[in-house]
Number of protein chains: 2
Amino acid sequence: MKQEEKTETEQLILEAAKKVFIEKGYAGARMQAIADEAQINKAMLHYYYRSKEALFSRILESAVATMSGQIIPALQGKGTVMEKIESLVNNYIDTIIQNPYIPMFVLNELAQNRLNFQESLMAKMATNDTVEQFMKQIMKEQKAGILQPVGPHHIMLTVMSLIAFPFIAKPVFTGVMKIPEFMYLQMMEERKQLVMEIIKKSFLK
Amino acid sequence: MKQEEKTETEQLILEAAKKVFIEKGYAGARMQAIADEAQINKAMLHYYYRSKEALFSRILESAVATMSGQIIPALQGKGTVMEKIESLVNNYIDTIIQNPYIPMFVLNELAQNRLNFQESLMAKMATNDTVEQFMKQIMKEQKAGILQPVGPHHIMLTVMSLIAFPFIAKPVFTGVMKIPEFMYLQMMEERKQLVMEIIKKSFLK
DNA sequence: TTTTGGTTAAACCGTTTGGTTGATTTAATT
DNA sequence: AATTAAATCAACCAAACGGTTTAACCAAAA
């Protein structure tokens, strides 16, 4: 067996852990539940990943990678601010439709700040000035009279709000308001266009 | 001692429980930690509130009451849709500034749906048709040509996104982006005006 | 004075937790 | 066929958990 590629069991564990950790959170997740989900023995979890924390940080990092993998490329390279935001909105919503629980998961861990997750994220951001560059581009286009003179932080925050919150609030729709799954998905698809209209009307001069 | 009003200890317990539950979530919260926070004995927790679940549901219900106490009144009575939204935005942001962890807490519990929290919320909504009435008002103003013809769900979702998400993302600002607390608060104050501008530009004809 | 109810600290209980162990099976190598 | 190392398992363990009980303490009410 090659050491480079993961064994089937390792993959099973990762997928099971992802499901359980995202569903229950770190404290609520049980190693036995992960083992059951992966249909393996509990000892295997510790055989492949030393501890609950080690396994968890793997899952958390892959979730962050999924998110930043959509955000960073969209904001890089050429193109106007609006073009980049449009790319961000489309890519991000598509990605999250397939992993709807990721935003809540990451924000939750960020809030609890288990073992300095905040600082490790900060370090990752520092080595990559994409966001900072994008903010500078916003200010440049504001001076050029293309964009409204609104604080760049507010613009970023607004975009993220419009994209991410609908997924965080998903249980409100499917659970409390009893809106069926397919209708919720349809709303999220419609949202790409709506969000862009909102952003353009709000921040374009 | 009067039975109607809570004893000092009961209040101490509730406040300690609120802090610990909101900080750590249900699974992560420890009864001993709540007792320590309240500076009382662990036995007292069970003396006043029978179990962890009972204590937790008290906290959860009060959090929901705080939120719906701002949402429901703002949407009732006379006034145009925009006037109601403006009242909602101002009241809600003011309330959440003082309880910034409530939205995350409630949405989190909704996502995990511990012991049918979703259904109990749904029942509470059904006995109060404020939201439904407000949606009808939106459609009426759309037919009257006051509002853009956007799905009422989208409008509600957009408003909630713009209001609630910045608080859910607070750790990103104060933790990852190292924005100081006072500057974050200042942003939230600025947001009342900005959010209304965005909503008016987006949904008013 | 006696009684009552809030309060405390500590010991205790049954269960569940993350984690370990040693033995056993599997699969590739010689 | 013999050897070896990786993979898997059931059983186990110490610690921590929510919750209970006990016994003593105290202030106010009866």
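The structure presented is a predicted model; accordingly, all values stated were derived computationally and were not measured. Lettering follows sequence order; numbering is per chain, from 1.
Considering only side-chain N and O atoms, A:S51 lies nowhere under 4.0 angstrom from the phosphate OP1 or OP2 of C:dG18. Considering only side-chain N and O atoms, A:Y48 lies nowhere under 4.0 angstrom from the phosphate OP1 or OP2 of D:dA6.
Across all non-hydrogen atoms, the minimal contact from B:L110 to A:P171 is O-CB, 3.8 Å. Contact detail for B:I59 and B:L14: the closest heavy-atom pair is CD1-O, 3.5 Å. Nearest heavy atoms, A:P166 versus A:R191: CG-NE, 3.3 Å.
Protein atom CD of B:E10 is 13 Å distant from nucleotide atom C1' of C:dG5, rounded to whole Å. Counting to the nearest Å, the P atom of C:dT24 and the OH atom of A:Y47 are 18 Å from each other.
The distance from atom CE of A:M160 to atom CD1 of B:I168, rounded to the nearest 0.5 Å, is 12.0 Å.
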Discussion item. Run the side-chain contact (heavy atoms from CB on, under 4.5 Å) test on B:Y47 and B:N41 for me, step by step, so that the C-alpha distance in whole Å, both residues' side-chain angles and the decisive distance to 0.1 Å come before the verdict.
Written reply: CA-CA 10 Å; B:Y47 180 77; B:N41 194 280; over 6 Å; no

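Both the sub-6.0 Å distance and the 45° axial angle are satisfied by B:K52 relative to the ring of B:Y26.
Counting only heavy atoms from C-beta outward, the side chains of B:T158 and A:F165 never approach each other to under 4.5 Å.
Within residues 27-38 of chain B, the residues having any heavy atom closer than 4.0 Å to DNA chain D are, in order of number, B:A29, B:R30, B:M31. Of the residues in residues 39-46 of chain B, those with a non-hydrogen atom less than 4.0 angstrom from any atom of DNA chain C are B:I40, B:N41, B:M44.
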Side-chain atoms of residues 196-204 of chain A: list all donor-acceptor pairs with protein atoms under 3.5 Å, sequence neighbours left out, distances to 0.1 Å.
unit_1: A:E197; atom_1: OE2; unit_2: A:Q193; atom_2: NE2; d: 3.3
unit_1: A:S202; atom_1: OG; unit_2: A:I198; atom_2: O; d: 2.7

